*Asks:* 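Take a look at the following structure, please.
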Amino acid sequence: MPESQPLSQRYNDEYAFEPTQLSQPYFSQTQNSTFANSQVEPRRKYWAIFIPTQSDREILKIPWNKSSIQLGRGPRVLSKNDVILPEKRISNIHCKITLGMQGPNGSGSSSITIQSWKEGESEPEVWLEDLKSSNGTFINGTRVTSRRMLQHGDEVSLGHSGTLDNHDVRYIFRSVGSKGAKMGQGSSKHDMVGAVYERYQVLDRLGKGTFAEVRKAVDVETGDLRAIKQIIKHRFAGNDKTLALFQREIEISKTLEHDNICRLLDYYEDPQHICLVLEYIDGGDLLDYIMNWPNETGGGLPEEHAMELSAQICSAMEYTVSSF
Ligand SMILES: Nc1ncnc2c1ncn2[C@@H]1O[C@H](COP(=O)(O)OP(=O)(O)OP(=O)(O)O)[C@@H](O)[C@H]1O
């Protein structure tokens, strides 16, 4: 295993998974490809893709030559895990992801079939099974008691499903079949957060706020850089007021257009998530910028520069207040 690979997740080389650093494109020609082209490669090569919510974890892509994968903390020789996750909250043998194909009459007659998915063929079914793990496997915050079929955009958490923390093992499932494609291309795309991963290539984590994680992303249609802010709604469980305030903030942001206000460009929502696509602002966090300003007298911005920034903030505030 190359040393550069994060310790948080190890794959056995003899297995056909293709762990991909989040900072690397997982489509072959990210910047120049059209949206439609970006669909082709994953469908041909993989039957499921899981996008991690932690930027130091790798994207899980499961190829067609493997009908199931087992995830857990135990070493491969003893536990037969395909993906080894060393976090303490993960059981030695934790869960299993299995490929099924819908029968001719739709769901319910699933049988495991190893075959490549082709345009127009039945949707690949992707099943998640908890293997009696101690801390549980969750889909959108609900514990899986035995086995459940995944839907495009589902959040899969291993070992805990509460507030995001540094040891989180959490992924967003991205279907590679026609359902995923329709969500990305049709008029309903803004109703399903999974669709955001069809349109945007997600890169490194930019930062984390009280309710959301923000990642850098590339619009695969235009090549433009964006910031994607993802909020997982069940973190607001029991706090409807905060969620309502957040939704109000979104409604206000949609209407604002000012040089010193980050623009909200796109918005995706489903019952579990909210995803905001924002203009990408280079330069990092303003507080860090101020604190790290090189200054022989011990930090802090030069007065003129501080005045300039303050004027920009005041101008943005004046515009916002006068807009309502
Ligand atoms: N549009 C953007 N472009 C570049 N980086 C961004 C963008 N939006 C947010 N970030 C980065 O992500 C971090 C977290 O942003 P977020 O908006 O979630 O929280 P916050 O506003 O800093 O805090 P809080 O949620 O507590 O108000 C920011 O500090 C910033 O570094």
Side-chain angles (χ1 to χ4, degrees), residues 22-23 25 30-31 51-57 155 162-168 170 172 190 193 196-197 199-270 272-294 299-301 305-306 308-310 312-317 319-321 323-324:
L22 203 57
S23 54
T30 315
Q31 298 270 344
I51 316 272
T53 57
Q54 295 283 84
S55 55
D56 58 354
R57 208 172 288 289
E155 182 198 275
T163 313
L164 203 68
D165 61 31
N166 290 337
H167 307 289
D168 244 59
R170 206 180 289 233
I172 305 294
H190 290 77
V193 161
V196 85
Y197 299 106
R199 171 72 191 257
Y200 299 95
Q201 168 80 54
V202 181
L203 307 172
D204 309 326
R205 187 162 99 165
L206 291 166
K208 198 175 162 198
T210 317
F211 299 110
E213 190 183 62
V214 183
R215 297 240 189 125
K216 194 171 179 177
V218 175
D219 182 333
V220 298
E221 277 185 10
T222 63
D224 292 333
L225 278 180
R226 299 290 177 235
I228 295 188
K229 187 166 178 173
Q230 188 180 61
I231 297 114
I232 297 172
K233 285 186 190 171
H234 69 75
R235 292 203 200 121
F236 291 97
N239 199 345
D240 292 346
K241 205 174 158 194
T242 313
L243 183 59
L245 279 174
F246 200 79
Q247 276 162 333
R248 184 164 166 265
E249 186 185 323
I250 293 165
E251 288 310 309
I252 293 171
S253 304
K254 277 184 195 168
T255 64
L256 299 178
E257 262 187 72
H258 185 275
D259 280 352
N260 304 120
I261 298 178
C262 174
R263 287 196 60 196
L264 175 62
L265 302 169
D266 215 349
Y267 172 76
Y268 294 75
E269 181 164 9
D270 66 22
Q272 289 87 35
H273 314 91
I274 296 174
C275 248
L276 308 180
V277 180
L278 302 160
E279 185 184 0
Y280 171 69
I281 310 290
D282 205 4
D285 190 84
L286 179 59
L287 184 61
D288 292 341
Y289 178 80
I290 295 168
M291 300 306 286
N292 298 330
W293 187 270
L301 294 179
H305 193 27
E308 194 188 340
L309 292 181
S310 305
Q312 290 178 9
I313 294 169
C314 290
S315 163
M317 285 174 71
Y319 164 81
T320 308
V321 171
S323 304
F324 295 93

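These numbers were taken from a predicted model, which means no experiment stands behind them. Note that ligands are numbered from 1 as they come in the structure, with each ligand's atoms numbered from 1 the same way.
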*Asks:* Please round to the nearest 0.5 Å and tell me the distance separating atom CG of L206 and atom OH of Y280.
*Replies:* 5.5 Å
*Asks:* Looking at Q230, E269, K229, which one forms a side-chain contact (heavy atoms from CB on, under 4.5 Å) with C275?
*Replies:*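 Result: among Q230, E269, K229, Q230 is the only option passing the side-chain contact (heavy atoms from CB on, under 4.5 Å) with C275.
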*Asks:* Which residue owns the protein heavy atom closest to atom 2 (C) of ligand 1, what's the atom, and how far is it?
*Replies:* A227 CB, 3.4 Å
*Asks:* Starting from atom 24 (P) of ligand 1, what is the nearest protein heavy atom, named by residue and atom, and what distance separates them?
*Replies:*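 Scanning the protein heavy atoms, the shortest distance from atom 24 (P) of ligand 1 goes to T210 OG1, 3.5 Å.
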*Asks:* Hey, are R248 and E251 close enough for a salt bridge, meaning a charged N less than 4.0 Å from a carboxylate O?
*Replies:* no
*Asks:* To the nearest 0.5 Å, tell me how far K254 NZ sits from D266 CG.
*Replies:*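 Rounded to the nearest 0.5 Å, the NZ-CG separation comes out at 10.5 Å.
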*Asks:* Could you measure the distance from the CD1 atom of I228 to the CZ atom of R215? Nearest 0.5 Å is fine.
*Replies:* 9.5 Å
*Asks:* Is any N or O atom of K229, backbone or side chain, closer than 3.5 Å to an N or O atom of ligand 1?
*Replies:*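 Yes; at least one N/O pair falls below 3.5 Å.
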*Asks:* Hey, looking at atom 14 (C) of ligand 1, which of E249, K208, R226 has the closest heavy atom?
*Replies:*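 It is K208 that holds the nearest heavy atom.
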*Asks:* Considering heavy atoms of the protein only, find what lies nearest to atom 3 (N) of ligand 1 and give residue, atom and distance to 0.1 Å.
*Replies:* I281 N, 3.0 Å
*Asks:* Which residue and atom name correspond to the protein heavy atom nearest atom 1 (N) of ligand 1, and how close is it?
*Replies:*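 Checked against all protein heavy atoms, atom 1 (N) of ligand 1 sits closest to E279 O, 2.8 Å.
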*Asks:* Just need the protein heavy atom nearest to atom 5 (N) of ligand 1, so name the residue and atom and give the distance.
*Replies:*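 Answer, as residue, atom name and distance: L206 CD1, 3.6 Å.
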*Asks:* Name the orientation class of the two ring planes belonging to Y289 and H305 (parallel below 30°, tilted from 30 to 60°, perpendicular beyond 60°).
*Replies:* perpendicular
*Asks:* Do any N/O atoms on C262 end up under 3.5 angstrom from N/O atoms on ligand 1?
*Replies:* no
*Asks:* Which atoms from ligand 1 have a heavy atom of G207 less than 4.0 Å away?
*Replies:*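 Those of ligand 1 that fall under 4.0 Å from G207 are 12 (O), 13 (C), 14 (C).
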*Asks:* Going by the closest heavy atom to atom 30 (C) of ligand 1, which one wins out of L287, L276, L264, D285?
*Replies:* D285
*Asks:* What is the nearest protein non-hydrogen atom to atom 23 (O) of ligand 1, stated with its residue, atom name and distance?
*Replies:*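 Going atom by atom, the protein heavy atom closest to atom 23 (O) of ligand 1 ends up being G209 CA, 3.8 Å.
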*Asks:* Rounded to the nearest 0.5 Å, what separation is found between the CE atom of M317 and the NE2 atom of H258?
*Replies:* 12.0 Å
*Asks:* Please report the interatomic distance CG(L309) to CG(L286), rounded to the nearest 0.5 Å.
*Replies:* 6.0 Å
*Asks:* What is the closest protein heavy atom to atom 8 (N) of ligand 1, and at what distance does it sit?
*Replies:* V214 CG1, 3.9 Å
*Asks:* Can you find a protein heavy atom under 4.0 Å from atom 21 (O) of ligand 1?
*Replies:*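 No, no protein heavy atom sits under 4.0 Å from atom 21 (O) of ligand 1.
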*Asks:* Report yes if the side chains of Y267 and L276 come closer than 4.5 Å at any heavy-atom pair, otherwise no.
*Replies:* yes
